[in-house]
Amino acid sequence: MDRQRDELIAQLRQVLPPDGLCTEASMLHAWECDGMSALRQVPWLVVLPQTTAHVQAVLRLCREHGIPVVARGAGTGLSGGAMPHERGVLLSLAKMNAILDIDPLACTARVQPGVRNLAVSEAARPHGLYYAPDPSSQIACTIGGNVAENSGGVHCLKYGLTVHNVMRVQLVTMDGYCLELGTETLDSPGYDLLALAVGSEGLLGVVTEVTLRLLPRPECSQLLLAAFDDVARAADAVGAIIAAGVIPAGLEMMDNPAIRAAEAFVHAGYPTDAAALLLCELDGPVADVIEQTGWVEAVLGKAGASEIRRARDETERALLWKGRKSAFPAVGRLAPDYYCMDGSIPRRRLADVLQGIAGLSQRYGLAVANVFHAGDGNLHPLILYDANQPDELARAEAFGADILGLCVQVGGSITGEHGVGVEKIDQMCLQFGAAELACFHAIKQAFDPDLLLNPGKAVPTLHRCAELGTMHVHAGQLPHAGLERF
Amino acid sequence: MPRLVDPEQDSDLGDRLCDRVAEAFAQRTPLRIVGGDTKAELGPAVCGEPLRVTGHRGIVDYQPGELVLTARAGTPLAQIEAELARHGQMLPFEPPRLGPGATLGGTIACNLSGPRRPWAGSARDHVLGCSLIDGRGQRMRFGGQVMKNVAGYDVSRLMAGASGTLGVLLDISLKVLPRPATEVTLALAIDAHAALERMQRLAAQPVPLSAACWLDGRLYLRFSGAPAAVAYHAGCVGGTEVAPDFWQSVNERSHSFFSDARPLWRLSLPTCAMQPDLDGDWLIDWGGARRWLLSDAPGQWVHERARRLGGHALRERGAGADNERMAATDPALLVLSRRLKQVFDPAGILNRGRMYREF
Ligand SMILES: Cc1cc2nc3c(=O)[nH]c(=O)nc-3n(C[C@H](O)[C@H](O)[C@H](O)COP(=O)(O)OP(=O)(O)OC[C@H]3O[C@@H](n4cnc5c(N)ncnc54)[C@H](O)[C@@H]3O)c2cc1C
């Protein structure tokens, strides 16, 4: 029926093991979307390589045939980054899931891309080590996906993002070359191509091996919970803690709808009548933590917290974190659908932006629950809607786009950690000018001259932005439902 | 609110510098970007008309509560560090200045970090955003002034360590951190082998270490943090307390170790690599990750030993064949690097040859 597809399949069979290829229509649906489930596309065919050599062979073949390739880890991405291409190969790294080496002396882990984030810390635990970046999806998401998105987590303020914790990446480019980016040392010669590869959303190459930096588990951790009856006061408390010279390991905030949803979901013992809640974790040497706990409690008291609680033990600490880490699914139970946004702002604008979001919520007639990585100014408004109601999805999308516009307006970014993918490709036009976008396209071309890796994602064409620019002026908001996105 | 710390001297030369580069692009005039000119010796000499950026200076924005500082590239490092100190903060990567005129732009372009590097991260790790002039004279802005930002490729971190060959840095936003309440430096008399072992063991433990170096039969350890924790961990280590300016002498290369006629090599090795089998004098820094060697050993040997231990070497100073300064780059990486150079500097006018001999 489809000659090109049949031919490609025949050639792929020669370079892949028997279970390395999936072509059956009934099976292909399993890969039709990532965590951004509003965007769906059944893949043309799926390959499941087991070695770097398989990946190289697949990419070479696809390049010869001019076939697009989309890499995929666990598919937990929230911006449609792993959404398949209708005439492209979906390359799943799920079978490349071996931890190759944990070196307790060098404090490094060498892993394949399909290894789950949490599995690294579990394997390092017997050595008293762990891998610091901890996205809430860490049970499922893969290291390859983390590298592609430069993922963060609740401990990033103190320990950095993926880019700060990756030493070396093996990257296979579309022409089948296997590049070593970075080294297992602390400075690498030449241009920092590793910095470009991290966060490149699968557009520059396929990650086939990663060396991660591991850290010693802190001597002790203390989690504080503070409740506030005013959101702005909680936001100010965040700044006050940092101004006091303390860098918490984690500093998270939830608003009332998020608190109530999480409490109903995991029974963490959250104060459900609070307008906002802060979770502040301090870690380090025992003496440091004791001292800082005192300082932070004083700051929180002065900032007007209505309740300050210390996690009594490890069990309570884990439970309080579980509530926060389950916030997305918990909020998911409040409405048939939710739309998770991801903007970042200068921390001092937190209170203003929250107020802005509340105003937009009223204007669009859609409820919103807010969770943030408050310490680093990364917001996750969760917009509640019902896809079965006419125009609610469109309204949710417009609401989301306005929130991102607000983030850019106050000097922030349209994405703090979830990436641009397909979802935010239009908002890229708000954040960057023509020169920067042209530069991104040129970088892409340097790695992938035929533009076959994850095409149509992450960077909009100048043409598309120009078109949106005019429309933006006319409608007063970014129209983006139903329009093609490249 | 922008706050100009020194209105007498601060000035924005962005437009003028753009015009200069655009003109040079049109005429294919090679440019040598010059800040404080304190780092010229760190790499091959560059031929070209000097493009002076020291006039483009001033702290543009600094919000201690945000932990973010933005300054023009020509701002003296001394001015930035003094301003940070006034608010109890610091540049966590502890950059060496290598001369009184050191500027922020040169520091980032060379990606220079000091003794705290293994624990706090490198200069590159602290870059949040920058604006730059590319080799056509176009002004562009990447990253931002926020901690988290994954929109677009991370061009601002690519600029760190690119030695000005991909763009003229105009202004740079950095993450800054509070200064530790206390610091104590201790010295223990042990040999290099034992010191490496000790540094490794400490690195795998949750101790408030912020520098570790071995020189001349002594292991130097610095602890930073709250007084009680520092006192406790320093007590566990033992040794004798020494003055903290030891770190400055290593960082600034003013220590007598560095005044030697032999070629000076910088080896970057995995911390657990044993001492390479090379004759000469050693200074082990960064907890074992950076090893300075004064040696007359042939360049090829040094590169070969470093490579076999999973690292690489660079001759920072001293005579010898030019192609022995650094090890050969992997051909595929070289192709890609050349393409990137063409993306940012199609006419090849910015600091030509400073980074790669070929372009
Ligand atoms: C409940 C929930 C909570 C979340 N919490 C967080 C959070 O706290 N912080 C955070 O940052 N993110 C979070 N995320 C988002 C998501 O988990 C991360 O982006 C994660 O890194 C994606 O990993 P993945 O393996 O699922 O990648 P996928 O979704 O499969 O892919 C993501 C992108 O990476 C590319 N890719 C995947 N593997 C490779 C590879 N080997 N080589 C090249 N490109 C590749 C894909 O093409 C795609 O563009 C959350 C998601 C969910 C569903």
Side-chain angles (χ1 to χ4, degrees), chain A residues 104-107 128-129 149-150 152 160-161 164 177 179 183-187 189-193 195-196 198-200 216-219 239 242-243 245 247 285 287-288 291 344-348 376-378 411-417 419-420 428 431-432 435-436 439-440 442-443 446-447, chain B residues 63-67 88 117-118 121-122 124-125 138 140-142 144-155 157-158 160-162 177-178 200 203-208 225-226 228-229 232-233 268-272 286 289-290 310-312 314 326 329-330 332-333 336-337 339-340 343:
Chain A
L105 283 181
C107 299
L129 303 169
E149 300 287 9
N150 189 14
L161 308 163
H164 301 110
Y177 276 119
L179 303 174
T183 61
E184 291 184 359
T185 72
L186 292 185
D187 60 308
Y191 290 147
D192 195 344
L193 302 179
L196 281 186
V198 176
S200 61
R217 288 196 167 272
E219 205 169 89
I242 286 159
I247 304 296
D288 265 14
E291 192 169 326
S344 75
I345 56 167
R347 202 184 304 104
R348 64 182 181 282
D376 36 34
N378 189 186
S413 170
I414 58 166
T415 170
E417 57 181 17
V420 174
M428 283 291 280
Q431 193 164 327
F432 293 101
E436 289 85 359
C439 179
F440 290 150
I443 291 172
F447 280 80
Chain B
Q63 310 275 347
E66 292 289 324
L67 304 176
R117 158 73 181 96
S122 62
R124 166 262 211 192
D125 287 334
Q138 271 193 114
M140 296 189 275
R141 176 172 294 282
F142 297 96
Q145 290 181 276
V146 287
M147 294 289 159
K148 287 167 88 175
N149 181 359
V150 294
Y153 304 119
D154 198 345
V155 174
R157 286 201 179 89
L158 172 68
L177 283 181
Q200 265 167 41
Q205 287 167 15
V207 295
Y232 172 76
H233 288 280
S268 297
L269 300 176
T271 48
C272 57
W286 290 7
R290 167 174 276 187
H312 50 92
L314 188 102
M326 56 195 273
T329 311
D330 167 67
L333 275 182
L336 196 52
S337 304
R339 284 190 201 150
L340 282 173
V343 166

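The chains referred to below are lettered A, B, ... by the order of the sequence lines, with proteins before strands, and numbering in each begins at 1. All values below come from the heavy atoms of this structure, side chains included, with hydrogens, waters and symmetry mates left out. Everything numeric in this text was worked out from a predicted model, so none of it was measured.
In terms of modelled atom types and a separation under 3.5 Å, the side chain of B:Glu66 and the main chain of A:Arg347 share a donor-acceptor contact.
With a 4.5 Å cut-off on non-hydrogen atoms, B:Leu314 does not touch chain A at all. For chain A, no part of B:Tyr232 is nearby; none of its heavy atoms comes within less than 4.5 Å. Interface residue A:Ser200: backbone and side-chain heavy atoms are both found under 4.5 Å from chain B. Heavy atoms of A:Pro346 lying under 4.5 Å from chain B belong to its backbone as well as its side chain. Only the side chain of B:Arg124 comes within less than 4.5 Å of a heavy atom in chain A; its backbone stays farther off. Only the backbone of A:Arg217 comes within contact range of chain B, with heavy atoms under 4.5 Å apart. If you measure heavy-atom distances from A:Tyr177 to chain B, the contacts under 4.5 Å come from the side chain alone. Contacts between A:Glu436 and chain B at a heavy-atom distance below 4.5 Å involve backbone atoms as well as side-chain atoms. In this structure, chain A has heavy atoms under 4.5 Å from both the backbone and the side chain of B:Val150. In this structure, chain A has a heavy atom under 4.5 Å from the backbone of B:Leu269, while its side chain stays farther away. Contacts of A:Ile247 with chain B are made by side-chain atoms alone, with heavy-atom separations under 4.5 Å and no backbone atom involved.
The two residues B:Ser337 and A:Tyr191 come nearest to each other via the heavy atoms O-CE1, 3.6 Å. Of all the heavy atoms in A:Leu179 and B:Ala332, the pair that sits closest is CD2-CB, 3.6 Å. Between B:Ala204 and A:Leu129, the shortest heavy-atom contact is O-CD2, 4.0 Å. Scanning both residues, A:Met428 and B:Ala151, for their nearest heavy atoms gives SD-CB, 3.9 Å.
Rounded to the nearest 0.5 Å, atoms CG (A:Leu161) and CG (B:Asn149) are 10.0 Å apart. Rounding to the nearest 0.5 angstrom, the gap separating the CD1 atom in A:Ile443 from the CG atom in B:Leu158 is 6.5 Å. The distance from atom CG of A:Asp288 to atom NE2 of B:His233, rounded to the nearest 0.5 Å, is 8.0 Å. Rounding to the nearest 0.5 Å places OG of A:Ser413 at 12.5 Å from CD of B:Gln145.
In summary, the side chains of A:Asp187 and B:Ser268 do present a donor paired with an acceptor at a separation below 3.5 Å, with no hydrogens or angles considered.
Between B:Phe142 and A:Phe432, the ring-plane angle classifies as tilted under the 30° and 60° cut-offs.
Put simply, of B:His312, B:Arg339, B:Met147, B:Gln200, the one with the most heavy-atom pairs under 4.5 Å next to chain A is B:His312. Comparing A:Cys439, A:Gly239, A:Gly160 by how many heavy-atom pairs each has under 4.5 Å with chain B, the most go to A:Cys439. Heavy-atom pairs under 4.5 Å with chain A peak, among B:Gly152, B:Gly310, B:Gly225, B:Pro208, at B:Gly152.
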